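Bear in mind the structure is a predicted one, so any value in this text is a computation, not a measurement. Protein chains get the first letters and strands the later ones, always in sequence-line order, with residue 1 at the start of each.
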Amino acid sequence: MNDIFQDLKWRGLVYQTTDDSLGDWLLEQPRIVYAGFDPTADSLHVGSLLPLMMLRRFQRAGHQPIAVLGGATGMIGDPSGKSAERNLLDQAMLATNLAGIEKQIQHVLSVSGGPEPIIVSNSDWINRFSYIDFLRDVGKNFPVNVMMAKDSIKSRLEGESGISYTEFSYMLIQAYDFVHLNRQYGCELQIGGSDQWGNITAGIDLGRRMTGHKLYGFTNPLLTKSDGTKMGKTESGAIWLSAERTSPYAFYQYWINVADDDAGKCLRFLTEIPREEIEALDQSRATEPHARASQKRLAESMTRMIHGDAGLASAERATAVFFGAEIQDLDDKQLLDIFADVPSVTVARSELDEPGLPLLEAMARCGLAKSKGEARRAIEQGGAYVNNRRIDDVDYRLSSCDLASENIIVVRSGKKKFALLKFD
RNA sequence: GGGGGGAUACCGAAGCGGUCAAACGGGACAGACUGUAAAUCUGUUGGCUCAUGCCUUCACAGGUUCGAAUCCUGUUCCCCCCA
């Protein structure tokens with residue numbers, strides 16, 4: 001049993017604990033730990049990665065992780081950290097979301113040698129309650145004045161939007177989850193982000209009243225970026241864990257592009273890279289920032305964990321293609337995989353026959369240029385590429401020699417704008 | 001209700017009879033540089049068969065003129081001042 005608490009402290013992941021001796025308590029024997037996940041979509045995104053990794057750290061240290069999916073609470077919405085009332089999810093959507101998320105959690109928590117994770121949905125026990133039973137058994141133990149004092153509730157009461165009775169009750173359900181897990185599995189520790197503190201302590205209080213057991217709580221700081229924007233968000237949307245929503249390439253790129261100021265934190269918070277190596281990377285960032293060793297290591301580690309070796313390989317290959325030399329020796333399938341996010345147009349194969357398809361025409365047609373005039377400008381300024389080879393001849397015509405693979409020509413305008421021409 | 005000002009390209013803003021596809025600034029795009037960063041510098045920024053050529057555009061519809069973003073009439077919308 002290794003000293004997980006020391007490692008967490010070093011990583012800066014300890015924010016609050018309900019008990020100062022939590023570190024020692026964890027060393028005494030394997031404990032059972034839980035964290036909750038909201039099923040707001042059919043995939044987790046980068047924002048959920050931190051709590052998930054926390055569970056995994058405990059798991060690696062020999063503790064039993066339980067992931068609780070908010071099948072019941074997801075139908076209500078957690079008011080913590082939210083400024084406005086949330087939309088409610090419908091049953092069917094919730095079921096899809098639960099299934100998708102369970103798969104991802106299972107994947108990240110499949111640590112060899114560690115205890116098997118338990119993944120449950122709180123709808124399993126909450127839905128059995130009648131309203132009256134719940135009020136009698138659980139609600140009775142909640143003094144409203146104490147609830148009103150919690151930050152998560154207080155801030156909403158002070159704000160303009162107020163809070164509905166439904167969201168107000170959220171805390172009771174999550175608190176009861178903890179008690180249930182304690183009874184059913186002997187779970188004694190709940191972990192979560194610092195915004196969960198109110199909910200966690202509510203569960204601990206409820207446990208003391210209902211069972212007399214002593215429960216523990218632990219929160220980690222939220223992962224924030226130095227520029228104040230939200231981690232895991234880009235202009236084009238959130239970064240998801242599922243390959244369908246965010247390709248391994250895009251996922252990899254997100255980490256490669258992490259700002260220097262955030263890289264150290266990401267390495268500590270989100271990866272299991274050991275202390276010595278992270279400190280070496282800190283050093284490298286200070287002395288040779290252009291090497292971007294931290295970002296590369298971060299991207300590699302994250303992509304491998306979420307998308308596996310194959311996903312990492314495809315992301316790296318795509319990166320080489322996006323930023324590297326000429327495209328050759330690839331087949332249709334590889335190209336389509338690499339350029340999964342890139343727009344494409346289908347063109348009749350006969351257009352490649354003599355005299356060939358003018359590049360101007362092709363660029364305008366696939367959307368890289370709004371007009372032929374714009375395409376012309378791009379070429380004249382050296383911003384046009386076919387299969388990553390710069391073309392500076394305005395009259396260039398594409399022929400079958402330009403096929404990068406069986407049926408595809410890759411056209412690029414500027415540094416990062418790609419389009420595919422598919423021939424049939 | 002009365003009086004005045006305005007509507008120009010992605011945005012802001014000049015132009016007030018020909019030399020106007022329309023200054024300038026911002027943005028955007030491209031190139032160089034660089035760390036797939038920031039800053040900087042350079043170029044481009046209505047469409048076309050790329051041309052001392054044609055077409056479409058200065059709120060909308062008409063008109064005057066050899067010629068209109070520019071002058072006139074009407075319409076719509078906006079702003080300001082006085083009631």
Side-chain angles (χ1 to χ4, degrees), chain A residues 46 224-237 239 246-267 280-303 312-327 338-343 351 354-398 410-419:
Chain A
V46 163
T224 53
K225 287 208 296 186
S226 53
D227 63 2
T229 58
K230 227 174 172 179
M231 193 76 205
K233 289 261 198 280
T234 65
E235 300 115 40
S236 44
I239 302 294
T246 301
S247 69
Y249 166 75
F251 185 83
Y252 180 88
Q253 282 294 313
Y254 180 76
W255 301 110
I256 282 285
N257 283 318
V258 162
D260 288 4
D261 290 345
D262 299 322
K265 208 174 186 180
C266 287
L267 285 167
L281 288 168
D282 289 345
Q283 192 64 37
S284 159
R285 218 160 48 246
T287 55
E288 38 167 14
H290 53 277
R292 300 168 60 70
S294 298
Q295 282 88 342
K296 284 177 190 158
R297 186 72 177 89
L298 176 66
E300 181 214 322
S301 167
M302 298 307 293
T303 310
L312 176 62
S314 104
E316 283 176 336
R317 197 168 56 227
T319 297
V321 166
F322 271 84
F323 295 95
E326 272 185 49
I327 298 169
I338 291 169
F339 292 104
D341 306 331
V342 155
E351 303 217 42
E354 277 297 311
L357 177 64
L359 180 57
L360 285 177
E361 175 88 29
M363 287 178 71
R365 229 191 278 177
C366 66
L368 282 184
K370 284 207 252 341
S371 65
K372 281 191 218 172
E374 197 175 301
R376 177 178 304 279
R377 267 173 242 131
I379 297 173
E380 280 168 354
Q381 296 176 33
Y385 304 78
V386 170
N387 300 331
N388 275 350
R389 196 176 72 244
R390 180 180 281 176
I391 302 293
D392 47 20
D393 173 13
V394 173
D395 298 319
Y396 190 83
R397 283 165 179 273
L398 297 169
V410 182
V411 189
R412 182 178 127 211
S413 157
K415 280 197 177 68
K416 293 182 188 172
K417 260 165 61 191
F418 285 84

- Item | Nearest-angstrom distance, C1' atom, B:rG6 to B:rC60 | 16 Å
- Message: Tell me which residues in residues 357-365 of chain A lie within less than 4.0 Å of RNA chain B, going by non-hydrogen atoms.
- Response: none
- Item | For A:Gln283, side chain to side chain contact (heavy atoms under 4.5 Å, CB included) partners two or more places apart | A:Thr287
Just the atom pairs and distances: protein N or O near nucleotides 52-56 of chain B's N or O, under 3.5 Å.
none

- A:Arg377: side chain to side chain contact (heavy atoms under 4.5 Å, CB included) partners, not counting sequence neighbours: A:Glu374, A:Gln381
Pairwise N/O distances under 3.5 Å, protein to nucleotides 8-11 of chain B:
none

- Query: Looking only at atom C1', what distance separates B:rG47 and B:rU40, rounded to whole Å?
  - Reply: 34 Å
- Rounded to the nearest angstrom, tell me the gap between atom OH in A:Tyr249 and atom P in B:rU36. 12 Å
- Task: Using side-chain hydrogen bond (donor to acceptor under 3.5 Å, both in side chains) as the criterion, list what pairs up with A:Lys415, not counting sequence neighbours.
- Result: none
- Task: Provide the full list of salt bridge (Lys or Arg N to Asp or Glu O under 4.0 Å) pairs with a residue in residues 247-264 of chain A, sequence neighbours left out, each pair given once.
- Result: none
- Task: Could you check if a side-chain atom of A:Val410 sits within less than 4.5 angstrom of a side-chain atom of A:Asn388, using non-hydrogen atoms only?
- Result: no
- Message: Any heavy-atom pair between the side chains of A:Thr303 and A:Glu316 that's under 4.5 Å?
- Response: no
- Task: Return the set of residues passing salt bridge (charged side-chain N to carboxylate O under 4.0 Å, His left out) with A:Glu288 (not counting sequence neighbours), or none when no residue passes.
- Result: none
- Task: Identify the nucleotide, in any strand shown, that forms a Watson-Crick or G-U wobble pair with B:rG62, with both distances under 3.5 Å; if there is none, say none.
- Result: B:rC72
- Can you tell me, in whole Å, how much space there is between the C1' of B:rU73 and that of B:rC66? 22 Å
- Message: Tell me whether A:Lys265 contacts the main-chain N or O of A:Lys225 through its side chain, where contact means a donor paired with an acceptor under 3.5 Å.
- Response: no
- Query: Looking at A:Arg365, A:Glu361, A:Met363, which one forms a side chain to side chain contact (heavy atoms under 4.5 Å, CB included) with A:Lys372?
  - Reply: A:Glu361
- Counting only N and O atoms by type, is there a donor-acceptor contact under 3.5 Å from the side chain of A:Ser284 to the main-chain atoms of A:Ala280? no
- Query: How long is the line joining NZ of A:Lys372 and C1' of B:rU49, in whole Å?
  - Reply: 8 Å
- On a whole-Å scale, what distance lies between the C1' atoms belonging to B:rU65 and B:rC11? 35 Å
- Task: Using a 4.0 Å heavy-atom cut-off, write out nucleotides 27-33 of chain B from 5' to 3' as B (base contacted by protein), S (sugar-phosphate only) or - (no contact).
- Result: ---BSSB
- Message: Whole angstroms only, please: what is the NZ-C1' distance between A:Lys370 and B:rC48?
- Response: 17 Å
- Just wondering, do A:Tyr249 and A:Ile338 contact through their side chains at under 4.5 Å, heavy atoms? no
Could you pull out the protein-nucleic contacts involving nucleotides 21-25 of chain B (nitrogen or oxygen on both sides, under 3.5 Å)?
none

- Message: Can a donor-acceptor pair be found, under 3.5 Å and without considering hydrogens, that links the side chain of A:Arg412 to the backbone of A:Gly414?
- Response: yes
- Do A:Ser294 and A:Arg297 touch side chain to side chain, with heavy atoms closer than 4.5 Å? no
- Query: A:Glu288 CD to B:rG35 P: how many Å, rounded?
  - Reply: 12 Å
- Protein-nucleotide distance (A:Arg397, atom CZ; B:rU49, atom P), rounded to Å: 12 Å
- Rounded P spacing from B:rA28 to B:rG17 in Å: 37 Å
- With a 4.0 Å heavy-atom cut-off, tell me which residues in residues 252-264 of chain A come close to RNA chain B, sorted by residue number. A:Gln253, A:Ile256, A:Asn257, A:Asp260
- Side-chain heavy-atom pair A:Glu300, A:Ile256 within 4.5 angstrom cut-off: no
- Query: Does A:Phe418 have any ring-ring contact (aromatic ring centres under 6.0 Å, His included) partners at least two apart in sequence or in another chain, and if so, which?
  - Reply: A:Phe322, A:Phe339
- Test item: A:Tyr385 and A:Leu368 side chains (from C-beta on) under 4.5 Å apart, heavy atoms: no
- A:Arg390 (side chain) donor-acceptor with A:Gly382 (main chain) under 3.5 angstrom: yes
